[in-house]
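Just so you know, ligand 1 is whichever comes first in the structure, and atom 1 is the first atom listed for that ligand.
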Amino acid sequence: MERYFQPEIECADRETIKAWQDERLVKQVKYVYENNAYYRNLMDEKGVKPEDIKSTEDLHKLPFLTKADLRDAYPYGLLSRPLKDCVRIQSTSGTTGKRVVAFYTQHDIDLWDECCARAIVAAGGSDEDVVQVCYGYGLFTGGPGLNGGSHKVGSLTLPMSSGNTERQIQFMRDLGSTILCCTPSYAAFIGETLHDMGYTTDDIKLKAGIFGAEPWTEEMRRDIEKSLGIKAYDIYGLTELSGPGVSFECSAQTGMHINEDHFIAEIIDPETGEVLPEGEKGELVFTSITKEAFPLLRYRTRDICVLTREKCPCGRTHVKMSKPMGRSDDMLIIRGVNVFPSQIETVLLNEGYTPNYQILVDRINNTDTLDINVELTQEQFVKYGEDVYLYEKELASAIKTMLGIRPRVHLLAPKSITRSEGKAVRVVDKRKLHD
Ligand code: DLL
């Protein structure tokens with residue numbers, strides 16, 4: 001039977017959800033306008049006043065916020081509460097440019113924990129469970145978010161953080177962990193290590209995994225489910241909006257319910273900014289309607305996906321988002337062709353390869369090059385032997401059918417690609433270094 005953390009909210013009818021959103025949006029816009037000079041300027045520039053926003057139908061009148069705004073306003077410019085009311089800071093990894101810092105009041109933390117608790121219960125969790133959290137702890141939101149959610153549910157929480165994979169497995173066995181939380185790439189690595197240590201799924205008690213923070217395909221899901229003997233659920237979120245738990249998957253495993261009592265989602269055309277009708281693919285934009293310290297209005301995530309309000313068999317009524325295909329800025333344009341790394345992952349796993357791969361893009365003599373390194377299993381390595389080049393050609397053809405361009409494929413010896421303990425780095429685009 002389906003269990004809910006807050007059924008009166010998660011299964012509320014659409015009119016009720018809309019009424020919450022209308023009321024909270026009006027309040028939030030007024031609050032942000034009065035307390036945040038940065039956003040007030042954006043609204044003034046666009047000629048919008050808080051009184052113009054009477055319901056969610058007026059949302060489109062508000063200006064967008066982008067990551068560039070967050071960088072401009074770094075560190076305190078988008079804070080809507082005095083610093084003394086804030087109790088926590090989290091931050092993005094900041095691999096490109098300045099870090100984004102997000103602030104939380106205690107109220108914000110409580111609501112964030114609630115969102116993560118919903119995700120854990122949707123994955124079958126309860127106070128009977130042992131939840132092993134192997135997302136990184138620290139500034140990254142993964143560890144603290146799922147940790148807080150697990151506490152709210154009353155599960156026994158193992159705050160492992162990421163890394164030291166053999167020890168992860170030892171604890172998993174000794175303490176009988178039933179739910180694993182980490183990135184999908186780390187889950188794949190944990191599965192691989194379990195088998196390398198000579199164990200099988202009979203040696204562990206895991207039943208579910210809550211995996212997110214990076215794009216992963218349905219093929220990868222099946223791979224992890226088999227390797228760990230679990231059901232693998234997706235979870236989505238971003239630091240700017242609190243962290244994990246903005247949306248989460250239920251037993252239907254067909255998209256993630258967005259916590260609509262806290263976030264209003266829109267899909268826009270990433271080129272024109274125009275709001276797209278339901279069911280169309282575009283960039284996800286969020287307005288947080290309950291946050292105090294760092295409430296973002298119409299924040300452009302750059303994540304590309306589709307929203308659907310089709311009835312979900314789980315009973316939850318909140319809108320569902322499809323798996324993000326990757327960020328609009330993750331999309332590679334190679335010889336003029338749009339390529340998402342997830343398309344390559346789909347082919348690799350369908351063709352029986354491991355999820356250990358790396359995509360290398362370069363520009364040589366003014367022509368883009370695409371090389372894909374794929375690691376073989378021990379069995380494949382022995383079987384392919386000297387004929388490996390035939391398999392490389394075959395895989396290159398399968399990828400060409402999907403993408404329209406032919407890559408150079410390199411099948412590598414087992415264990416030659418570095419494993420990820422957090423967000424995997426799948427793409428090395430050397431063109432950026434030359435430009
Ligand atoms: O990754 C928060 C998180 C932690 C989500 C743990 C889920 C689990 P950031 O580091 O700010 O926050 O990165 C946010 O990661 O805009 C997406 O591009 C990507 N992302 C997050 N979850 C998913 C997912 C956390 N389930 C950025 N599928 C987002 C695909 C995801 N991409």
Those residues at least two apart in sequence (or on a different chain) that pass side-chain contact (heavy atoms from CB on, under 4.5 Å) with Pro313 are Ala252
Axial cation check for Tyr4 ring with Arg118, 6.0 Å and 45° limits
no
Do you know which two heavy atoms are closest between Ser247 and Met256, and how far apart they sit?
OG-CB, 3.5 Å
List for me each residue that meets side chain to side chain donor-acceptor pair (under 3.5 Å) alongside Ser242, sequence neighbours excluded, and say none if there are none.
none
Just by distance, with hydrogens left out, do Gln90 and Thr141 show a side-chain donor and acceptor under 3.5 Å apart?
no
ring-ring contact (aromatic ring centres under 6.0 Å, His included) partners for Tyr104, two or more places apart
Trp112
With hydrogens left out, which residues have an atom under 4.0 Å from ligand 1, given that only heavy atoms count?
Thr92, Tyr135, Phe140, Thr141, Gly142, Gly212, Ala213, Glu214, Pro215, Asp234, Ile235, Tyr236, Gly237, Leu238, Thr239, Glu240, Pro244, Asp303, Pro324, Arg327, Lys423
